[in-house]
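In what follows, a single structure is set out as structure tokens and then discussed.
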Amino acid sequence: WVWVWVWVWVWVWVWVWVWVRLGLGLEAMATAVVGGGAAGELIYTDTGLSFWGGVDPLTGIVIDQTHPLFGQCITGKVFAIPRSRGSCTGSQVLLELLLSGKAPAAFLLREADAILALGAVVAEELFEVPVPLLVLGEADFQRAAEHAWAEIDTAAGTLRFGPKPNDPKPNPKPNPNPNPDPNPNPQPDLNPNA
């Protein structure tokens, strides 16, 4: 019986470890290629994008005229993209975006992508500029399309989607005069004898 209990405890701990590692109770499951934390507006496209010639490294704006996101800025946003396309020089453009502060806050990919992974890993390892890069798989990638916001914390094993948080509204200042004059700027009487 001792062996049975040992076996049960081993399996329990293995399952607990797997659940914690994979994010038990989260909205999406992902594999982190590059870890880190980020939150921001989610930009989604189901069309691959070549960073070489498709994104301006000085501004973070999509300049590929054939891409559905043409003209949009990806800087500081969680960028959901199936994968990159085209030249392996896209790694260099991603590195330039990261070093200039014009990169997305994070990448959510449908499938593993060596071009984006290379740029993200080099930025993290050589320049200590990480950008979370997660591979979601088909189902969770499609679910990302339904949301406007994403929050990522690979250390805690969390990836959450949701609506864009409301901007906090400033508290209105109380009116010091509850009965204001309906005509606060009266015109002077130019004819005192009338």
Side-chain angles (χ1 to χ4, degrees), residues 22-98 100-124 129-154 156-167:
L22 295 179
L24 175 66
L26 303 178
E27 286 196 32
M29 303 300 269
T31 301
V33 176
V34 175
E41 179 183 347
L42 178 65
I43 290 188
Y44 175 91
T45 181
D46 60 358
T47 304
L49 175 66
S50 172
F51 279 69
W52 178 253
V55 178
D56 183 348
L58 301 176
T59 63
I61 295 175
V62 176
I63 57 174
D64 179 351
Q65 294 181 0
T66 64
H67 198 274
L69 296 179
F70 172 70
Q72 291 194 37
C73 183
I74 60 173
T75 302
K77 299 181 176 141
V78 177
F79 192 31
I81 183 171
R83 63 185 320 271
S84 67
R85 72 175 183 213
S87 175
C88 61
T89 313
S91 299
Q92 176 189 348
V93 175
L94 175 57
L95 184 59
E96 289 179 40
L97 287 165
L98 286 164
S100 69
K102 299 296 182 180
F107 285 93
L108 302 178
L109 304 175
R110 180 178 65 206
E111 57 195 69
D113 185 280
I115 294 171
L116 293 176
L118 177 62
V121 169
V122 168
E124 180 183 42
V129 180
V131 60
L133 192 139
L134 285 70
V135 178
L136 301 180
E138 182 67 37
D140 285 327
F141 183 78
Q142 291 301 324
R143 283 192 3 203
E146 303 166 6
H147 300 282
W149 186 264
E151 182 178 350
I152 300 156
D153 183 353
T154 59
T158 60
L159 168 57
R160 294 190 175 94
F161 296 118
K164 188 173 182 180
N166 294 332
D167 293 332

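Under the side-chain contact (heavy atoms from CB on, under 4.5 Å) criterion, Val131 pairs with Leu98, Phe107, Ala120, sequence neighbours left out. With sequence neighbours excluded, the residues forming a side chain to side chain donor-acceptor pair (under 3.5 Å) with Asp64 are Thr66, Arg85, listed by chain and number. In this structure Val93 satisfies the side-chain contact (heavy atoms from CB on, under 4.5 Å) test together with Phe51, Trp52, Pro57, Leu97, sequence neighbours excluded. Taking the salt bridge (Lys or Arg N to Asp or Glu O under 4.0 Å) definition, one finds that Asp113 meets it with Arg83, sequence neighbours left out. Gln92 is linked by a side chain to side chain donor-acceptor pair (under 3.5 Å) to Glu96, counting only residues two or more places apart in sequence or in another chain.
Here Asp46 contributes atom CG and Ile81 contributes atom CD1; the two are 10.5 Å apart, rounded to the nearest 0.5 Å. Atom CZ of residue Phe70 and atom CG of residue Leu49 lie 12.0 Å apart, to the nearest 0.5 angstrom. Expressed to the nearest 0.5 Å, how far OG of Ser91 lies from CD1 of Ile115 amounts to 6.0 Å. Between atom CG of residue Asp153 and atom CG of residue Leu159 there is a gap of 10.5 Å, rounded to the nearest 0.5 Å. Separating the CG atom in Leu136 from the CZ atom in Arg110 is a distance of 11.0 Å, to the nearest 0.5 Å.
His67 contributes a side-chain N or O that, together with a main-chain N or O of Leu69, makes up a donor-acceptor pair within less than 3.5 Å. The main-chain N or O of Lys102 is found under 3.5 Å from a side-chain atom of Thr75 such that the two form a donor-acceptor pair.
Between Val55 and Ile63 there is no side-chain heavy-atom pair separated by less than 4.5 Å. Taking the side chain as every heavy atom from C-beta outward, Leu133 and Phe79 never approach each other to under 4.5 Å.
Closest heavy-atom contact between Pro132 and Gly36: CG-C, 3.7 Å. Between Phe141 and Ala80 the shortest heavy-atom distance is CE1-C, 3.8 Å. Listed here is the closest heavy atom pair of Pro163 and Trp149: O-CB, 3.4 Å. Residue Ala112 comes nearest to Val135 through the heavy atom pair N-CG1, 3.7 Å, listed as atom of the first residue, atom of the second, then distance. Considering every non-hydrogen atom in both Gly48 and Pro82, the closest pair reads N-CG, 3.8 Å.
Of the candidates Thr154, Thr31, Leu109, Leu134 forms a side chain to side chain contact (heavy atoms under 4.5 Å, CB included) with just one, namely Thr154.
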Donor-acceptor contacts, no H, no angles, side chain residues 37-45, under 3.5 Å, sequence neighbours left out:
from	atom 1	to	atom 2	distance (Å)
Tyr44	OH	Gln142	OE1	3.4
Thr45	OG1	Thr47	N	3.2

| task | Could you check Val34 against Val121 for side chain to side chain contact (heavy atoms under 4.5 Å, CB included), going step by step and ending with a plain yes or no? | result | CA-CA 7 Å; Val34 175; Val121 169; 3.8 Å; yes
